[in-house]
Amino acid sequence: NAGVMQNPRHLVRRRGQEARLRCSPMKGHSHVYWYRQLPEEGLKFMVYLQKENIIDESGMPKERFSAEFPKEGPSILRIQQVVRGDSAAYFCASSPGQNSHEQYFGPGTRLTVT
Amino acid sequence: KNEVEQSPQNLTAQEGEFITINCSYSVGISALHWLQQHPGGGIVSLFMLSSGKKKHGRLIATINIQEKHSSLHITASHPRDSAVYICAATDSWGKLQFGAGTQVVVTP
């Protein structure tokens, strides 16, 4: 059973470009969480999704950031018009849901904005 | 003020020593996680607990729900235990709120 997969592992974007980060949950998991770790800071919640639904996006910046988890395919975290302050490690975690709070983390995507 | 507080921030131990990391939380939780983050950055879930005590190898995690406090213990520490240890509280949706982490260095 493959673990949570994220790609790319490293992503370099120039200011103003778009960044797309992908997360494939573990097989059978229908819940995905995205977290961000800014340099020298702790992890912070961004968004919680179930298949085709955003459940809680209270940690997402109001502008330029969006997330989706379609019926088929990976969850996508999209950052439009990136700025230097978006440089961070972005982790996703998946959970089977159904009253389980187990979360399994992916390896993360390290975004660098130049 | 962070609703999940960890102490100490940094800890250095000699190989073989017993290590304790503490975590206090001020929110209602469904579960408490202990995570490990290695220098390469990957995160591994060590424990999830909602009551009592769990043990895995040399690692032991305890939680006291009434006192809103959890501890992670490492027995017979080894240099490969050097990492950042993070506690995280889970709300009813499963969303995690993280402590700032404890940087542990174990010297030979």
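Chain A is the first sequence line, chain B the second, and so forth, proteins listed ahead of strands; every chain is numbered from 1. Everything numeric in this text was worked out from a predicted model, so none of it was measured.
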Inset, instruction - Using the rule that two of Ile, Leu, Val, Met, Phe, Trp, Tyr join whenever any of their side-chain heavy atoms come within less than 4.5 Å, decide whether A/I76 and A/L111 are in one cluster. - result: no

Legend entry - Flag, side chain of A/Q103 to backbone of B/L96, donor-acceptor distance under 3.5 Å: no

Inset, instruction - Flag the pair A/Y35 / B/I43 as yes when at least one side-chain heavy-atom distance between them is below 4.5 Å, and no otherwise. - result: no

Legend entry - Heavy atoms of other groups near B/R58 CZ, more than 12 under 6.0 Å: yes

Inset, instruction - Determine whether A/Q37 and B/Q37 make a side-chain contact, defined as any pair of heavy atoms from C-beta on separated by less than 4.5 Å. - result: yes

Legend entry - Validation row, ring centre A/F45 to ring centre B/F98 under 6.0 Å: no

Inset, instruction - Would you kindly check if the NZ (Lys) or CZ (Arg) of B/K95 is within the cone defined by 45 degrees around the ring axis of A/Y48 and under 6.0 Å from the six-membered ring centre? - result: no

Legend entry - same_hphob_cluster(B/I74, B/L32) at 4.5 Å side-chain heavy-atom cutoff: yes

Inset, instruction - Give a yes or no on whether A/Q81 atom CD has more than 12 heavy-atom contacts from other residues, nucleotides or ligands under 6.0 Å away. - result: no

Legend entry - Single-linkage hydrophobic cluster B/I29~B/L72, side-chain heavy atoms < 4.5 angstrom: yes

